[in-house]
There are 2 protein chains.
Amino acid sequence: METSEFESPIRIAVVDDHPLLRDGIIAVFATQPDLELIAVGEDGEAAIRIYREKRPDILLLDLQMPNVDGVEAMTRILSEFPEARILVLTTYSGDGRATQAIKAGASGYLLKNSLRTELLDAIRSIHRGGTHFDRQVFGAADREAKRLTARESDVLELAAAGNSNKQIAARLSLSEDTVKGYMKAIFARLGAMDRTHAVAIAVRNGLIEL
Amino acid sequence: METSEFESPIRIAVVDDHPLLRDGIIAVFATQPDLELIAVGEDGEAAIRIYREKRPDILLLDLQMPNVDGVEAMTRILSEFPEARILVLTTYSGDGRATQAIKAGASGYLLKNSLRTELLDAIRSIHRGGTHFDRQVFGAADREAKRLTARESDVLELAAAGNSNKQIAARLSLSEDTVKGYMKAIFARLGAMDRTHAVAIAVRNGLIEL
DNA sequence: GGGAAAGCCCCCCGAAAGAGGGGATTGCAG
DNA sequence: CTGCAATCCCCTCTTTCGGGGGGCTTTCCC
């Protein structure tokens, strides 16, 4: 605690669509003299705008948000500012987007049900140039190589909406056999017994939108 | 702000499994002299224990929690203390449990993405003997009279886990025809095209656990 | 250049699902 | 007492699913 107190504080921006959670995070920062909250936003667009305008040292970013979602915002920010340090906050440990986020270049990944101290550790370690990945997420991320290709998600989302293979084929201008082929691939990937199970797994892992 | 400041404060307990969100709520209360946080917990069991021991004026309760879930905890508390005033906090507006919670006797219903002021309004209005139901939830609650009977949820959950009708029948000690009968009832209730669609709808409405 | 992975397409066939009917019993509320 | 909702059971028929094979390009990476 007695390091050089006169270093400039770590400038942090928080983007999350839950006001109460933001308040929680803000309250945590308020007790830390070396952390300065410089901006707050509630969607992906705000994240991008804030990054461009303020260049925070660390951006705390939720993945589930309206409008532009977290992964999208992150990808865009990182393509513009490759040096950006982003700490992803998420609700679910099994979230398939965890893998996406990590691949997209997040500096850290934290569950929303983390403790205050974990949040602070994560921020300081990232600011020192390190990374911080929650064990649960990490485990979940590689335990399940569960992700779907673009086409597979299309197919599965349509199935979740109550379409038969034939209807999916019509909707996507494919042959029914092709759709069946994707279904087989989906089952294999997710370890599902049937389409119903596949939808359940995909939802649990944040792989498709309902 | 200049009402009788010497009334005894409103004693509040918060039960939610997200530490950071709890911190947010706690931080909000800390700024309000007429509100006193007397207990904090992170699951349904804790909610029941806290209610028995401390009898808070208002219990702030999350619906999605490990172990004993929110609706369950609420039902038990209200059967023991019918005068209990419980404000339900939830993440999703389309949550089917909203209806359950309201029927079970919640005094209020608030989305987690509410503003600080809404939280305070809700607490004060409930403490005065009123109720507070978020419009979004309210709308969602009666728009969809979507709920399932106990047996129907059992069947659908097993279907979501990848079981065939035959397997479900075996698991529940029913005939396959009976399971098919439940399936038909489920489709009719939820307006689903098939089991896959039914699972998607049920999940979106918080009707089944994955 | 070789291989892997995604994206497409085709076959057969048995098992499962879903639509359509028909019942029965409880138990609770009006 | 009557109606209704929930729980349970049975039948037939057609469609769909999912497993098992087999292909073909293109793209991207080593």
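Naming: A, B, ... by sequence-line order, numbering from 1 per chain.
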- Nearest-nucleotide wise, let me know which of Ala150(B) and Lys180(B) is further upstream toward the 5' end of DNA chain D.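 Taking each residue's closest nucleotide, the earlier one in sequence belongs to Ala150(B).
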- Over 12 non-hydrogen atoms of neighbours within 6.0 angstrom of CZ in Arg11(A):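 Enclosed: over 12 neighbouring heavy atoms sit under 6.0 Å from CZ of Arg11(A).
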How long is the line joining [atom1] of [X] and [atom2] of [N], in whole Å?
X: Ile168(A); N: dC8(C); atom1: CD1; atom2: P; result: 14 Å
X: Glu152(A); N: dA5(C); atom1: CD; atom2: P; result: 12 Å
X: Phe187(A); N: dT16(D); atom1: CZ; atom2: C1'; result: 12 Å
X: Leu174(B); N: dC10(D); atom1: CG; atom2: P; result: 11 Å
X: Asp177(B); N: dC13(D); atom1: CG; atom2: P; result: 15 Å
X: Glu176(B); N: dA15(C); atom1: CD; atom2: P; result: 13 Å
X: His197(B); N: dG18(C); atom1: NE2; atom2: P; result: 13 Å
X: Asp154(A); N: dC8(C); atom1: CG; atom2: C1'; result: 14 Å

- With the threshold set at 4.0 Å, does a side-chain nitrogen-carboxylate oxygen contact exist between Arg124(B) and Asp34(B)? yes
Over all atoms of both residues, closest heavy-atom pair of [X] and [Y]:
X: Phe29(A); Y: Leu37(A); result: CD1-CD1, 4.0 Å
X: Leu172(B); Y: Arg151(B); result: O-NH2, 3.6 Å
X: Ile168(A); Y: Val155(A); result: CD1-O, 3.7 Å
X: Leu78(A); Y: Ala84(A); result: CD2-O, 3.6 Å

I want to check one thing: is the phosphate of [N], taken as OP1 and OP2, less than 4.0 Å away from some side-chain N or O of [X]?
X: Tyr182(A); N: dC8(C); value: yes
X: Arg189(B); N: dA6(D); value: yes
X: Thr178(B); N: dC9(D); value: yes
X: Asn165(A); N: dC17(D); value: yes
X: Thr149(A); N: dG7(C); value: yes

- Query: Is the closest side-chain heavy-atom distance between Ile38(A) and Ile12(A) below 4.5 Å?
  - Reply: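 Side chain of Ile38(A) against side chain of Ile12(A), heavy atoms only: no contact under 4.5 Å found.
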- Task: Name the nucleic acid region contacted by Ser164(A), choosing base, sugar-phosphate or nothing; use a 4.0 angstrom heavy-atom cut-off, strictly under.
- Result: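 Sugar-phosphate: the residue Ser164(A), judged by heavy atoms under 4.0 Å, touches backbone atoms but no base.
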What pairs of nitrogen or oxygen atoms, one from the protein and one from nucleotides 21-25 of chain C, lie under 3.5 Å apart?
none

